[in-house]
Amino acid sequence: MVTGAGSGIGRAFALEIARRGGAVVVSDINLETAQETVAQVEAAGGRAWALHCDVTSLDAVQQMADEAERLLQAPVDLVINNAGVGVGGKPIGEISMADWEWTVGINMWGVVYGCHVFAPKLRALGRGGIINVCSTASFAAAPMMGPYNLTKAAVLALSETLAAETAGTGVSVTALCPTVVKTNIFQAGRIDASATPLMNKLVAWTGVSADGVVTKTLNALDRGELYVLPQLDARMIWRAKRFIPATYTRGAGLLSRLATARL
Ligand SMILES: NC(=O)c1ccc[n+]([C@@H]2O[C@H](COP(=O)([O-])OP(=O)(O)OC[C@H]3O[C@@H](n4cnc5c(N)ncnc54)[C@H](O)[C@@H]3O)[C@@H](O)[C@H]2O)c1
């Protein structure tokens, strides 16, 4: 079961799961793009179904879970809480409350609902896994991304808690924390025009394809690994944040101001 699978990382997960022999239910707030993902899975010889689901509604996530089991005629044994949006370009205090609430609704509550609905089912099953799509933003303190950072930090804490609660039960939890992946998130999100030049450069210079990221993540899940930092810059930020947190955070702020001024 993959949420937000009409595009980007979610679509890549659906295709890779099918490649590995899994039957996959893909959901998205945009049913048409979810159906396109299904068509791609089927064209590659896999089995998939599309559902409409807005992850900001607990009822909708519950219905999605019921419908997925009906379609699969089996319990769901891998859940990927992937649906998410991007917000950036303004400092805290200038970001509208509407943008805060929009981001928290999708990126945080969407994953809380996914875990709330599926964790008991997986515990009862005694096997399977949950992959929560976090971000390097979960710990990077990147300036001008307040709502995004907040939600991704919350989802990392949620994943770590769930991993502790499911330890020894046969259920794996994996938190995917990428830096920049080339997807539609930068066009679909609410990014202030002032941040667009820096963002475009970052995507062009450091962005990787979603395919490699999902392959690493599914392999990591198979090995029972909690953290997936698929890129070198993600691993460098992780280490800096662990070993010199205050220096790192100050440096991230100064570097970002310098980079914005030069573009
Ligand atoms: N692309 C990156 O650089 C990057 C880096 C780190 C983490 N991520 C995370 O990866 C996940 C997937 O993002 P992506 O980069 O593939 O972006 P994307 O925009 O290509 O795909 C996101 C999908 O989520 C769907 N969606 C949006 N709101 C929804 C809702 N309320 N309910 C259900 N579906 C909804 C969209 O329709 C879209 O199909 C997100 O959680 C994002 O935060 C992305």
Undergrad: Working to the nearest 0.5 angstrom, can you tell me the gap between Lys241 NZ and Thr249 OG1?
TA: 5.0 Å
Undergrad: Do any pairs count as a salt bridge (charged side-chain N to carboxylate O under 4.0 Å, His left out) and have a residue in residues 182-191, sequence neighbours left out, and if so which ones?
TA: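 Output for this query lists Asp99-Arg190.
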Undergrad: Using links of under 4.5 Å between side-chain heavy atoms of ILVMFWY residues, direct or through other members, which residues join Leu202 in one cluster?
TA: none
Undergrad: Between Ala137 and Asn149, which heavy-atom pair has the shortest distance, and what is it?
TA: CB-OD1, 3.4 Å
Undergrad: Would Val155 and Ile106 show up in the same hydrophobic cluster when neighbours are defined by side-chain heavy atoms closer than 4.5 Å?
TA: yes
Undergrad: Would you say that Val104 contacts Leu150 through its side chain, given a criterion of any heavy-atom pair below 4.5 Å between the two side chains?
TA: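 Result yes, sub-4.5 Å side-chain heavy-atom pair found.
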Undergrad: Can you get from Met108 to Leu58 by hopping between Ile, Leu, Val, Met, Phe, Trp and Tyr side chains that sit under 4.5 Å apart?
TA: yes
Undergrad: Tell me the closest heavy-atom pair linking Cys115 and Asn132, and the distance in Å.
TA: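 So the minimum-distance heavy-atom pair works out to SG-ND2, 3.6 Å.
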Undergrad: Membership question, hydrophobic clusters at under 4.5 Å side-chain separation (ILVMFWY): are Phe139 and Val87 in the same one?
TA: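 Yes; tracing contacts between hydrophobic side chains, which count when under 4.5 Å, links both residues.
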Undergrad: OG of Ser256 to CG of Leu198: how many Å apart, nearest 0.5 Å?
TA: 7.0 Å
Undergrad: Does any N or O in the side chain of Lys216 come within less than 3.5 Å of the main-chain N or O of Pro230, such that one atom is a donor and the other an acceptor?
TA: yes
Undergrad: Heavy-atom count around Arg19 CZ within 6.0 Å, excluding the residue itself: above 12?
TA: yes
Undergrad: Which atom names give the shortest non-hydrogen contact between Ala119 and Leu162, and what distance separates them?
TA: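 That closest heavy-atom pairing would be CB-CD1, 3.9 Å.
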Undergrad: Please determine which of Val26, Val213, Thr217 meets the side-chain contact (heavy atoms from CB on, under 4.5 Å) test together with Phe13.
TA: Thr217
Undergrad: Give a yes or no on this: more than 12 heavy atoms of other residues, nucleotides or ligands lie within 6.0 Å of atom CD1 of Ile244.
TA: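 For Ile244, atom CD1 is crowded (more than 12 foreign heavy atoms under 6.0 Å).
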Undergrad: Do Asn81 and Thr3 meet the criterion of a side-chain donor-acceptor pair at a distance under 3.5 Å?
TA: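 Looking only at side-chain atoms, Thr3 and Asn81 do not form any donor-acceptor pair under 3.5 Å.
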Undergrad: Could you list the residues that satisfy ring pair (Phe, Tyr, Trp, His ring centres under 6.0 Å) with Tyr227, not counting sequence neighbours?
TA: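 Trp238.
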Undergrad: For Asp211, what residues pass the side-chain hydrogen bond (donor to acceptor under 3.5 Å, both in side chains) criterion, not counting sequence neighbours?
TA: none
Undergrad: Main chain of Ala140, side chain of Tyr248: is a donor-acceptor contact present, judged purely on distance under 3.5 Å?
TA: yes
Undergrad: Are Val173 and Met1 grouped together when hydrophobic residues (ILVMFWY) are joined by side-chain heavy atoms under 4.5 angstrom apart?
TA: yes
Undergrad: Can you list everything that forms a side-chain contact (heavy atoms from CB on, under 4.5 Å) with Gln63? Sequence neighbours excluded, please.
TA: none
Undergrad: Below 4.5 Å, heavy atoms only, C-beta onward: do Ile9 and Val181 meet side chain to side chain?
TA: yes
Undergrad: Could you list all the salt bridge (charged side-chain N to carboxylate O under 4.0 Å, His left out) pairs where at least one residue sits in residues 137-146, not counting sequence neighbours?
TA: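 Every candidate salt bridge (charged side-chain N to carboxylate O under 4.0 Å, His left out) pair involving residues 137-146 fails, so no pair, neighbours aside, qualifies.
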Undergrad: Through direct or indirect side-chain contacts below 4.5 angstrom among Ile, Leu, Val, Met, Phe, Trp and Tyr, which residues connect to Leu232?
TA: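 Its cluster mates, by chain and number, are Met236.
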Undergrad: Could you report the tightest heavy-atom contact between Ser194 and Gly89, atom names first, then the distance?
TA: OG-O, 3.5 Å
Undergrad: For Asp59 and Ser57, which I'm curious about, is there any donor-acceptor pair between the side chains at under 3.5 Å?
TA: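 Result is no, nothing qualifies.
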Undergrad: Quick one: list whatever passes side-chain contact (heavy atoms from CB on, under 4.5 Å) with Gln62, sequence neighbours left out.
TA: Asp66, Val117
Undergrad: So Ile17 and Leu218, do their side chains get closer than 4.5 Å, heavy atoms only?
TA: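 In contact.
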Undergrad: How long is the straight-line distance from CZ of Arg223 back to OG1 of Thr174, given to the nearest 0.5 Å?
TA: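 CZ of Arg223 is found 9.5 Å from OG1 of Thr174.
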Undergrad: Could you check Leu221 against Ile131 for side-chain contact (heavy atoms from CB on, under 4.5 Å), going step by step and ending with a plain yes or no?
TA: CA-CA 8 Å; Leu221 177 87; Ile131 295 172; 3.9 Å; yes
Undergrad: Could you tell me whether the side chain of Val25 reaches within less than 4.5 Å of the side chain of Leu51, counting heavy atoms only?
TA: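 Contact flag for Leu51/Val25 side chains = yes.
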Undergrad: Measure from the side-chain N and O atoms of Asn82 to the backbone N and O of Gly4, and report whether any donor-acceptor pair falls under 3.5 Å.
TA: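 Confirmed, Asn82 side chain pairs with Gly4 backbone.
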Undergrad: Are Ile237 and Met199 connected in a single hydrophobic cluster, I mean Ile/Leu/Val/Met/Phe/Trp/Tyr linked by side-chain heavy atoms less than 4.5 Å apart?
TA: no
Undergrad: Please identify each residue that fulfils side-chain hydrogen bond (donor to acceptor under 3.5 Å, both in side chains) with Ser7, with sequence neighbours left out.
TA: Asn184
Undergrad: Using modelled atom types only, decide if a donor and an acceptor are shared between the side chain of Gln231 and the backbone of Val180 within a distance under 3.5 Å.
TA: yes
Undergrad: Say you draw a straight line from OG of Ser135 to CD1 of Ile185; how long is it, rounded to the nearest 0.5 Å?
TA: 8.0 Å
Undergrad: If you measure from CG on Leu156 to SG on Cys134, what distance do you get to the nearest 0.5 Å?
TA: 5.0 Å
Undergrad: What is the minimum heavy-atom distance between Ala23 and Trp49, and which atoms define it?
TA: CB-CZ3, 3.9 Å
Undergrad: A side-chain contact here means heavy atoms from C-beta on lying under 4.5 Å apart; do Val24 and Leu78 qualify?
TA: no
Undergrad: Between the main-chain N or O of Pro178 and the side-chain N or O of Thr136, is there a donor-acceptor pair closer than 3.5 Å?
TA: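 Looks like yes, one N/O pair under 3.5 Å.
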Undergrad: Does the side chain of Cys53 come within less than 4.5 Å of Ile29's, by heavy atoms?
TA: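 Counting from C-beta outward, Ile29 and Cys53 never come under 4.5 Å.
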Undergrad: Restricting to ring pair (Phe, Tyr, Trp, His ring centres under 6.0 Å), what partner residues turn up for Tyr148, sequence neighbours left out?
TA: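 Tyr148 satisfies ring pair (Phe, Tyr, Trp, His ring centres under 6.0 Å) with no residue once adjacent residues are dropped.
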Undergrad: Evaluate the side-chain contact (heavy atoms from CB on, under 4.5 Å) criterion for residues Asn107 and Val111: first the C-alpha distance (whole Å), next the side-chain angles of each, then the deciding distance (0.1 Å), finally the verdict.
TA: CA-CA 7 Å; Asn107 292 8; Val111 182; over 6 Å; no
Undergrad: Give a yes or no on whether the backbone of Val133 and the side-chain of Lys152 come within a donor-acceptor separation of less than 3.5 Å.
TA: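 Answer holds: yes.
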Undergrad: Could you check whether any side-chain heavy atom of Met144 comes within less than 4.5 Å of a side-chain heavy atom of Ile92, counting everything from C-beta outward?
TA: no
Undergrad: Side-chain contact test, heavy atoms from C-beta onward, threshold under 4.5 Å: evaluate it for Arg47 versus Val41 and give yes or no.
TA: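 When only atoms from C-beta onward are counted, Val41 and Arg47 do not touch, as no gap falls below 4.5 Å.
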Undergrad: Give, for atom CZ of Arg235 and atom CG of Leu229, the distance between the pair rounded to the nearest 0.5 Å.
TA: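 Spacing of CZ (Arg235) from CG (Leu229) equals 7.0 Å.
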Undergrad: Going by the salt bridge (charged side-chain N to carboxylate O under 4.0 Å, His left out) test, which pairs reach into residues 20-46, not counting sequence neighbours?
TA: Arg11-Glu36, Glu16-Arg20, Arg20-Asp222
Undergrad: Mind jotting down which residue pairs meet the side chain to side chain donor-acceptor pair (under 3.5 Å) criterion with at least one end in residues 108-127? Sequence neighbours excluded, please.
TA: Glu69-Lys121, Asp77-Arg127
Undergrad: Quick check: closest heavy atoms across Ala5 and Thr37, and the distance to 0.1 Å?
TA: O-OG1, 2.6 Å
